[in-house]
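One structure is given here, and the rest of the page talks about it.
Reminder, nothing fancy here: chain letters follow the sequence lines and each chain counts from 1.
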There are 2 protein chains.
Amino acid sequence: MMEEHRHVTIYDIAEKLNLATSTISRALKDHHTISDKTIKKVKQTAKEMGFVPNTLAAGLRGNTSKTIGILIPTITQPFLSSLISGIEITAQKSEYSVIIMQSHDSYEMEVNLAKSLYSNRVSGVICSLAMETKDTSHFKQFSNNNIPLVFVDRVPRDYDTFRVVINNYLAGYKATKHLIEQGCKRIAHLTAGSEFGTLYNERKRGYVDALLEHELPIDDKLIINLKEMTYEDGVKACNQLFDLKTRPDGLFAPGDILAVSAVQTAKKRGIKIPEEFAVIGFNDDPISKIIEPNISTITHPAEKMGKAAAELIIKNLKSVKEEDAKEITFLNTQVLIRESSRRI
Amino acid sequence: MMEEHRHVTIYDIAEKLNLATSTISRALKDHHTISDKTIKKVKQTAKEMGFVPNTLAAGLRGNTSKTIGILIPTITQPFLSSLISGIEITAQKSEYSVIIMQSHDSYEMEVNLAKSLYSNRVSGVICSLAMETKDTSHFKQFSNNNIPLVFVDRVPRDYDTFRVVINNYLAGYKATKHLIEQGCKRIAHLTAGSEFGTLYNERKRGYVDALLEHELPIDDKLIINLKEMTYEDGVKACNQLFDLKTRPDGLFAPGDILAVSAVQTAKKRGIKIPEEFAVIGFNDDPISKIIEPNISTITHPAEKMGKAAAELIIKNLKSVKEEDAKEITFLNTQVLIRESSRRI
DNA sequence: TAAAAAAAAACAACCGATTGTGTAAAGAAA
DNA sequence: TTTCTTTACACAATCGGTTGTTTTTTTTTA
């Protein structure tokens, strides 16, 4: 019955117009060796026949696919979905496609998915590392083959390639300093992991240095290491803090979800925010400005970071061979002061 | 200096082992005409040489790319990012990749991106329509070429293809009925658009029918048509509702963001929830269980829908030619009763 | 031992666009 | 008019797997 439609190719156009496929190919991209008359004719016919170029063929021939691979822990976190959005919007403008893969914070998956991206011959990779990942040798296949690689946010500290990050140390410092300025004396902090150079560790360093600079003591009981950055773990940690003999009067939470859990736990216990307990979060997730009280936070420019990362890839493709350009892009963060920490 | 690495191909393996490329190709996929000894040898060598198959080449030859194209308004909405997540997880299990494109609710972009997906020779497309889209002829290129097409959530009402949806009518009915059971007599509703068959219209139909069934009057002043489903528009609409001579005592909001705006607007005016004003939302967004009071809502099984859609594509590829199977998959929704509507 | 059957691997075309090189036709210069 | 340039297009190889067909090798059977 219904015939199998075959895709229209440049061969079909060539046959119809009695031209060579090379001419068709060149005409479609306004090559200067093709006359205007022919170009017009070819484009017209291509449209009529419903020709759509086969990206795979072009990619195979040119050994690149105008595709950016994204490898991230998960896409459902607001920060990461905004990051993707920024990448996708930027890519779209330059006619790049975007392939997404979730590692779910598993090292093993990350290794497999990296191979899969390579298999797809993506023209660049943007990655935010899985929590589990210590060793990054599975990314060598990209560097070795001149495929630009950009790490974003959760970046390796020993890998010499493009990185797009915020200054987590400075952000932690600014957040803590803000609380100090609001009169807090015993500021708690939630963190995760302990290796030097990681994102949470940097924020913690900023926190510590802000305290030191203002001659406030560093109290280990006020620094809690979380297994996971979840609402539930946040509640647990906050209860632990509130059970202390001398309660903290402030908290720098390195994520808005944690800040929310702190605010709600405090409210449940009748602890007044911000008078008795000032809170500042991180990321400026949508929820932070909806919850009551609104939560002060540090902006985390997700879309901008995505845009920057995508631009690095697109630019880097045009000027290959610049071995020098393995730079780090730092984007700015801001302290957003809202109700949860405004005391003065 | 540093040599250009060339990708390792089956030709390289063939040369090294003195075998034909066809043998390599078959050995790598355990073809029965290749001896176990050879298979073992080939796989071993492939691994040693760091061979990674070129998906583009295979895709070009086989005219398919083991890739699922996703075309949605935006990825930053919780519902949609969960949907993508569901698709990606399912795709990954069958070794499919996922290409994502955002239409930003623009018809024009949707048309272009559809062409781009076709150009990538995706093996299937999952789409949630742009708000603006009325005409869906730009999807014919997929149907015409036997590329499975699945619409999710925001589906066209006149297009004969796979659809994965919830029963919006029933969900609207259940939500409204719940409010009625809690003793509400004047239930307001926010909606959008007006064409028959759309998602919001179906929910409204359910709302209306629930009222009718319980012999409550339909009051046009309690039904507000929004331009956009945003927090700001929600606040505006709620203020309008609260300014009425006789205030509504309940609200069915077809989205949690709107429900949040209602709850907060009511609180600001000193209207007690749920005693004076009961609210039920839609989607079970993360925020609905964090805000105070918690918001009752209708579950919207995003991940499951993604999984179902992806499975339709993967299955359909295996059994092509089943022209009959243009079915609609309905997933269940549940009423989650929380503080914002629990009166009894 | 020769012929038949089965197993294993080689051959070669193919997917569709791209691009370096070659060649005819048209126009310019001699 | 002849030769030299341009201009416009054709030819053909190429990217890297895949697969139908054929050939060679091995094993089985008569």
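A:S35 comes within contact range of the sugar-phosphate backbone alone, with a heavy-atom separation under 4.0 Å but no base atom that close. A:T55 comes within 4.0 angstrom of nothing in the nucleic acid, heavy atoms only. Using a 4.0 Å heavy-atom distance criterion, A:N54 is classed as a sugar-phosphate-only contact. Base contact: B:I10 has a heavy atom under 4.0 Å from a base atom. Counting non-hydrogen atoms under 4.0 angstrom, A:N18 reaches the backbone sugars and phosphates but no base.
Side-chain proximity of A:S22 to the nucleotides C:dA9, C:dA17, C:dG20 is greatest for C:dG20. Comparing C:dT19, C:dG16, C:dT18 by their nearest atom to the side chain of A:K29 picks out C:dT18.
The distance from atom CZ of B:R61 to atom P of C:dA17 is 16 Å, rounded to the nearest whole Å. In this structure, the CD1 atom of B:I24 is 10 Å from the P atom of C:dA9, given to the nearest Å. Whole-Å rounding puts the B:K37 NZ to C:dA7 P distance at 16 Å. Distance, B:L17 CG to C:dA9 P: 11 Å, rounded to whole Å. Atom P of nucleotide C:dT19 and atom CG of A:L28 are separated by 13 Å, given to the nearest angstrom. Spacing between atom CD1 of B:I34 and atom P of C:dA6 amounts to 19 Å, rounded to whole angstrom units. Note: OH (A:Y11) to C1' (C:dA13) measures 13 Å, nearest angstrom. Straight-line distance from the NE2 atom of A:H7 to the C1' atom of C:dC14: 15 Å, rounded to whole Å.
Where A:R26 and A:T9 each meet DNA chain C at their nearest nucleotide, the meeting point lying more 5' is that of A:T9. Between B:T23 and B:L56, the one whose closest nucleotide on DNA chain D sits nearer the 5' end is B:L56. Mapping B:L60 and B:K41 onto DNA chain C by nearest heavy atom places B:K41 closer to the 5' end of the strand.
In summary, the side chains of A:S35 and A:T38 do present a donor paired with an acceptor at a separation below 3.5 Å, with no hydrogens or angles considered. The closest side-chain donor-acceptor pair between B:T33 and B:H31 falls under 3.5 angstrom.
In this structure a side-chain-to-backbone donor-acceptor pair under 3.5 Å is missing from B:D105 to B:P73. With hydrogens and angles ignored, the 3.5 Å screen pairs a side-chain donor or acceptor of A:S119 with a backbone N or O of B:P53. At least one donor-acceptor pair under 3.5 Å links the side chain of A:Q102 to the backbone N or O of A:I75.
Ring centroid separation for the pair B:H7 and B:F51 does not come in under the 6.0 Å cut-off.
Within the 4.0 Å cut-off from OP1 or OP2 of C:dA9, not a single side-chain nitrogen or oxygen of B:T33 is found.
Cation-pi geometry between B:R121 and B:Y118 is met: the NZ or CZ atom falls under 6.0 Å from the ring centre, inside 45° of the normal.
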Which atom pairs, one a donor and one an acceptor, fall under 3.5 Å between side chains of residues 76-84 of chain B and the rest of the protein, sequence neighbours left out?
| unit_1 | atom_1 | unit_2 | atom_2 | d |
| --- | --- | --- | --- | --- |
| B:T76 | OG1 | B:T74 | OG1 | 3.0 |
| B:S81 | OG | B:P78 | O | 3.3 |
| B:S82 | OG | B:P78 | O | 3.1 |

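Note that the first and last nucleotides of DNA chain D, 5' to 3', having any atom under 4.0 angstrom from a heavy atom of chain B are D:dG16 to D:dG20.
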